[in-house]
Amino acid sequence: MATQYGRPAIIEKHGRCGTCLFADLENAGTVECRRFPPAPYFEPTGRVSNIRPRVGAYYWCGEFTLDEDKAALEPSNG
């Protein structure tokens, strides 16, 4: 049986990051959230990089927007 992460009532209403329209699923084990523009990150070397939040596929937030294609690929918990 799959582990259930988070609060079921919130997830049922808002979905999960792994099925969100703004999720970039290219990174194994994590999701790169592309809801907002990248933020500057100042490396110790003085170089500036752009980063986006990394979240788990089973996280959720108030900005969730369902991506029908990604939702169809998610395995059923039933």
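Only this structure's heavy atoms are used, side chains among them; waters, hydrogens and symmetry mates stay out. Residue numbers start at 1 and run along the sequence shown.
For the pair R52 (side chain) and F36 (backbone), a donor-acceptor distance under 3.5 Å is present.
Results of the side-chain contact (heavy atoms from CB on, under 4.5 Å) test with E32 over D24, I51, V55 single out D24 as the only residue that passes.
Rounding to the nearest 0.5 angstrom, the gap separating the SG atom in C17 from the CZ atom in F64 is 8.5 Å. Annotation: the span from L66 atom CG to C20 atom SG amounts to 8.5 Å, rounded to 0.5 Å. Atoms OG and OH, on S49 and Y41 in that order, are 8.0 Å from each other to the nearest 0.5 Å.
When all heavy atoms of P40 and N50 are compared, the closest pair comes out as CA-OD1, 4.0 Å.
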